[in-house]
Protein chains: 4
Amino acid sequence: MQFNNRSPIYLQIAQYVQELIIGSVWIEEERIPSVRDMAMQLEVNPNTVIRTYSMLQEEGILENQRGIGYFTAKGAKSLVLKKKRNHFIKSELPNLFESMRTLEISLEEIETYFLLFKKEHNYHEVQS
Amino acid sequence: MQFNNRSPIYLQIAQYVQELIIGSVWIEEERIPSVRDMAMQLEVNPNTVIRTYSMLQEEGILENQRGIGYFTAKGAKSLVLKKKRNHFIKSELPNLFESMRTLEISLEEIETYFLLFKKEHNYHEVQS
Amino acid sequence: MQFNNRSPIYLQIAQYVQELIIGSVWIEEERIPSVRDMAMQLEVNPNTVIRTYSMLQEEGILENQRGIGYFTAKGAKSLVLKKKRNHFIKSELPNLFESMRTLEISLEEIETYFLLFKKEHNYHEVQS
Amino acid sequence: MQFNNRSPIYLQIAQYVQELIIGSVWIEEERIPSVRDMAMQLEVNPNTVIRTYSMLQEEGILENQRGIGYFTAKGAKSLVLKKKRNHFIKSELPNLFESMRTLEISLEEIETYFLLFKKEHNYHEVQS
DNA sequence: GTGGTCTAGACCACC
DNA sequence: GTGGTCTAGACCACA
């Protein structure tokens with residue numbers, strides 16, 4: 001995994017972990033890699049992983065069984081989705097709209113870019 | 001002006017300055033408040049303002065006349081807009097689309113929120 | 001290291017750092033002394049060193065790994081050489097020629113001084 | 001006259017004044033424009049011109065007759081030339097050679113640029 | 001341990 | 001008056 005310098009590494013790892021949970025790569029209530037393993041795999045200081053894990057634990061996404069290791073919490077996936085959704089609605093969208101206003105960009109333009117993005121990323125909307 | 005703890009003060013001031021330029025509160029090629037005045041007004045250390053001003057000078061948004069003071073550069077407004085636009089396209093939009101993908105949110109939903117936002121903020125798109 | 005009063009200390013340090021890179025005293029992609037160490041060694045305030053380092057980082061000569069320290073960037077040496085070369089051609093040479101014109105000094109005279117300089121400084125041109 | 005931001009304005013004016021003297025635009029022992037006139041003409045603060053004049057007076061290039069104005073000193077032209085020549089030999093040339101050494105540039109290359117410069121600036125060496 | 005930000009205050013060159 | 005540099009020292013986030 002590659003890290004950038006724009007945000008703390010422990011947050012980038014948290015992001016990554018949440019993607020694993022959303023993508024069901026990490027199954028709920030199952031044990032996840034130990035701090036050491038994770039640190040080795042990510043080529044990162046163990047303290048950094050500890051920080052990520054304990055932050056996610058505070059948020060109720062991970063759980064810690066002393067002496068055994070970390071586990072994904074029950075309902076972790078939906079919790080992550082809910083938090084992300086909330087953040088999206090409450091923070092990302094307003095910022096977006098604010099930018100659109102100052103830059104005088106219409107939703108139609110956004111759509112153009114969106115189609116482009118979908119093509120480039122081979123992303124087909126799920127029919128719900 | 002109020003500062004938050006999410007980013008350095010000098011960057012928040014830079015943001016504020018650019019808004020003043022975009023909003024034509026600071027006219028192009030006109031003198032802007034001296035470092036000391038600005039520092040006093042913002043209740044901040046002069047060094048902090050210097051940092052903001054000289055950063056914006058490097059970006060070509062401000063200019064400096066020795067012993068006289070800082071001025072907004074020629075073409076500052078369009079430069080700021082261009083930079084913001086670029087950041088929007090290159091960074092904000094991809095993030096948005098990424099979130100939409102993981103959260104399975106469609107553009108139609110975005111539109112709903114957008115209409116809501118426009119109503120709440122009394123924002124009517126300019127007809128071009 | 002001794003500093004003169006003709007230019008800011010942080011620029012003189014930048015000059016010094018670039019010489020270390022050109023001279024391969026600091027190897028590419030290797031860690032360089034921490035801000036505090038450098039400050040101690042140069043008998044200078046850490047803030048001054050920070051200023052130098054972060055300036056060189058913006059120029060792409062140094063890089064920063066969060067919480068670990070500064071490193072010379074990949075390709076730093078050639079970058080520094082390129083910048084110096086550019087400055088030489090664009091700025092130093094025209095100034096030289098301008099002086100030669102007003103002082104009516106010919107290139108032949110320059111050569112005489114050059115031979116003298118090489119003798120005094122034990123400097124033999126590399127045969128390429 | 002245009003000023004750049006790389007050196008103090010009063011020095012740039014001094015440079016300009018010395019060129020006028022070398023070029024015999026200002027004749028020796030004749031009165032030169034008053035501080036006010038010069039400041040007006042250059043669109044500059046009178047204090048700045050004062051600084052230039054008094055600096056050149058200290059160097060013996062200008063002279064001041066109280067209540068009348070400034071004059072070019074007797075022998076001003078040759079004095080300026082001597083100082084320039086001295087600075088050239090003692091400072092500019094060594095710097096040039098030092099740069100040539102680190103950048104591994106030969107005198108032959110310099111000559112190429114010199115020919116180019118002469119062509120561009122319509123400059124033909126005086127046969128002495 | 002690392003760097004980054006901010007403050008208070010001094011001092012300087014310049015206009 | 002203007003900005004610019006530097007110091008000393010505090011405090012913080014991060015690895």
Side-chain angles (χ1 to χ4, degrees), chain A residues 3 5-14 35 39 42-52 55, chain B residues 3 5-13 31-39 42-55 57 62-71, chain C residues 3 5-14 31-39 42-57 62-71, chain D residues 3 5-14 35 39 42-52 55:
Chain A
F3 300 105
N5 259 329
R6 269 162 281 163
S7 71
I9 292 179
Y10 82 98
L11 285 183
Q12 296 184 50
I13 298 177
V35 168
L42 298 174
E43 294 177 323
V44 137
N45 190 305
N47 286 328
T48 310
V49 176
I50 290 178
R51 194 158 183 180
T52 302
M55 186 190 84
Chain B
F3 301 107
N5 282 322
R6 267 163 284 168
S7 72
I9 294 180
Y10 78 96
L11 287 182
Q12 295 183 51
I13 299 177
R31 184 155 181 269
I32 66 176
S34 79
V35 168
R36 286 158 169 76
D37 287 355
M38 199 63 173
L42 299 174
E43 294 177 321
V44 133
N45 189 294
N47 281 328
T48 307
V49 175
I50 285 183
R51 187 158 185 187
T52 301
Y53 278 10
S54 64
M55 189 190 85
Q57 181 186 25
L62 297 184
E63 276 171 4
N64 190 338
Q65 289 188 29
R66 301 178 78 99
I68 301 181
Y70 276 94
F71 295 69
Chain C
F3 300 107
N5 280 323
R6 268 163 284 168
S7 73
I9 293 180
Y10 78 96
L11 287 183
Q12 296 183 50
I13 298 178
R31 185 155 181 269
I32 67 176
S34 79
V35 169
R36 286 158 171 74
D37 287 355
M38 199 64 173
L42 299 175
E43 294 177 322
V44 133
N45 190 294
N47 281 328
T48 308
V49 175
I50 286 183
R51 188 159 186 186
T52 301
Y53 278 10
S54 65
M55 188 190 86
L56 292 175
Q57 181 185 25
L62 297 184
E63 277 171 3
N64 189 337
Q65 289 188 30
R66 299 178 79 98
I68 301 182
Y70 275 95
F71 296 69
Chain D
F3 301 104
N5 258 328
R6 270 162 281 165
S7 70
I9 293 180
Y10 80 96
L11 285 184
Q12 297 184 51
I13 299 177
V35 168
L42 299 174
E43 294 176 324
V44 136
N45 190 306
N47 286 326
T48 309
V49 176
I50 289 177
R51 192 157 185 184
T52 302
M55 188 191 83

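Labels below follow one simple rule: chain letters A, B, ... track the order of the sequence lines, proteins then strands, and each chain is numbered from 1.
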> If you look at every strand shown and take non-hydrogen atoms under 4.0 Å, does R36(C) touch a base, only sugar-phosphate, or nothing?
base
> Between atom CE in M55(A) and atom P in dA15(F), what is the gap in whole Å?
12 Å
> So R51(A), base contact, sugar-phosphate only, or nothing? Heavy-atom distance under 4.0 Å.
base
> Of all residues at least two apart in sequence or in a different chain, which pass the side chain to side chain contact (heavy atoms under 4.5 Å, CB included) check with I9(B)?
F3(B), I13(B), V44(B), T48(B)
> Kindly say whether P46(B) contributes a backbone atom to a donor-acceptor pair with the side chain of R36(B) at under 3.5 angstrom?
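Such a contact is absent between R36(B) side chain and P46(B) backbone.
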> For DNA chain F, determine which residues of residues 7-14 of chain A have any heavy atom closer than 4.0 angstrom to one of its atoms, and list them numerically.
P8(A), I9(A), Y10(A)
> For residues Y53(C) and S34(C), determine if any side-chain heavy atom of one lies less than 4.5 Å from a side-chain heavy atom of the other.
no
> Indicate yes or no: at least one non-hydrogen side-chain atom of Y70(B) is less than 4.5 angstrom from one of S54(B).
yes
> Can you see which heavy atom on R66(C) is nearest to which on R6(A), and at what distance?
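Nearest heavy atoms, R66(C) then R6(A): NH1-C, 4.1 Å.
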> Just the endpoints, please: which first and last nucleotides of DNA chain E, 5' to 3', lie under 4.0 Å from a heavy atom of chain D?
dC14(E) to dC15(E)
> List the residues meeting side chain to side chain contact (heavy atoms under 4.5 Å, CB included) with F71(C), not counting sequence neighbours, and say none if there are none.
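If we apply the side chain to side chain contact (heavy atoms under 4.5 Å, CB included) test to F71(C), skipping adjacent residues, the hits are R31(C), Q65(C), I68(C).
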> Measure from the side-chain N and O atoms of N5(A) to the backbone N and O of N64(C), and report whether any donor-acceptor pair falls under 3.5 Å.
yes
> Any idea which heavy atoms bring Q12(C) and S7(C) closest together, and the distance?
NE2-O, 2.7 Å
> Quick one: side chain to side chain contact (heavy atoms under 4.5 Å, CB included) partners of N47(A), sequence neighbours excluded?
N45(A), I50(A)
> Touch check for Y70(C), heavy atoms < 4.0 angstrom, all strands: base, sugar-phosphate only, or nothing?
sugar-phosphate
> Find which nucleotide of DNA chain E each of G69(C) and G67(B) is nearest to by heavy atoms, and output the residue with the more 5' nucleotide.
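Result: G69(C).
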> Need one value for N47(B): base, sugar-phosphate or nothing, where a base atom within 4.0 Å counts as base even if backbone is also close, heavy atoms only.
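Base contact.
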> Please report the end-to-end axis angle for the helix from dG1(E)-dC14(F) to dC14(E)-dG1(F), five pairs per end, rounded to 10 degrees.
20°
